[in-house]
Amino acid sequence: MTTLKLDQFLPYRMSIASNAVSDAIATAYRALFDLKISEWRLVAVLAEDGAMSQQALCGRTRMDKVTVSRAAIALAERGLVERTPNPEDQRSHLLALSKPGWSLYEQVAPKALELERRIFEGIDATELARFRDMLARIEAGVVALDP
């Protein structure tokens, strides 16, 4: 029988690394901008892609419906996103950044890039390019598992 060694099991190691990065970033976002990671992800996606439904945000961020819903409610309560009826589906709404939401994005984005730079500063550009490529292939491999 083959024994699983958790510290050598790549999905586990990826999860641990991801959690460590997310925790470090979450601490900074919470302290500087009073944002949770899920809230920042919605702000960033809406800034990049424009208005979208919560269902579309779930797909784009790979977060579950409850997490997206809670983040959307928190952002709406702070006036950072606006909800409008979805002309393609009357049962849903589109979320879009408000003017204060755009202002917040313009403050957070440079800090996010700085944190990324600091986390990966010990890795050269060629290695980072290969890492990005590997992540894309891993994601494609996961998609291929989905029936």
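For the pair Arg41 and Ser22, the tightest heavy-atom approach, listed with the atom from each and the gap, is NH2-OG, 4.0 Å. Among all heavy-atom pairs drawn from Leu6 and Tyr12, the shortest one is O-CD2, 3.1 Å. The nearest pair of heavy atoms linking Ile37 to Ala26 is CG1-CB, 3.4 Å. In this structure, Ser53 and Leu94 approach most closely via the heavy-atom pair N-CD2, 3.6 Å. When all heavy atoms are compared, the tightest approach of Val45 to Met52 is CG1-SD, 3.8 Å.
Under a 3.5 Å cut-off, the side chain of Ser15 and the backbone N or O of Pro11 do not form any donor-acceptor pair. Under a 3.5 Å cut-off, the side chain of Ser92 and the backbone N or O of Asn86 do not form any donor-acceptor pair.
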Could you give the side-chain donor-acceptor pairs of residues 56-73 under 3.5 Å, partners two or more places apart or in another chain?
from, atom 1, to, atom 2, distance (Å)
Arg60, NE, Asp49, OD2, 2.6
Arg60, NH2, Glu48, OE1, 2.9
Arg60, NH2, Asp49, OD2, 3.4
Thr61, OG1, Leu57, O, 2.7
Thr61, OG1, Met63, N, 3.3
Asp64, OD1, Val66, N, 3.0
Asp64, OD1, Thr67, N, 2.8
Asp64, OD1, Thr67, OG1, 3.1
Asp64, OD2, Thr67, OG1, 3.1

Side-chain donor-acceptor pairs of residues 100-115 under 3.5 Å, sequence neighbours excluded:
from, atom 1, to, atom 2, distance (Å)
Glu114, OE1, Arg117, NE, 3.2
Glu114, OE2, Arg117, NH2, 2.8

Table please: side-chain donor-acceptor pairs of residues 125-143 below 3.5 Å, with sequence neighbours left out.
from, atom 1, to, atom 2, distance (Å)
Glu127, OE1, Asp124, N, 3.2
Asp133, OD2, Arg137, NE, 3.1
Asp133, OD2, Arg137, NH2, 3.2

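Between Ile25 and Ile119, some side-chain heavy-atom pair lies under the 4.5 Å cut-off. Contact check for Leu80 versus Leu97: no side-chain heavy atoms found under the 4.5 Å cut-off.
Look at Lys5 and Asp7 and you find no salt bridge, because none of the NZ, NE, NH1 or NH2 atoms lies under 4.0 Å from a carboxylate O.
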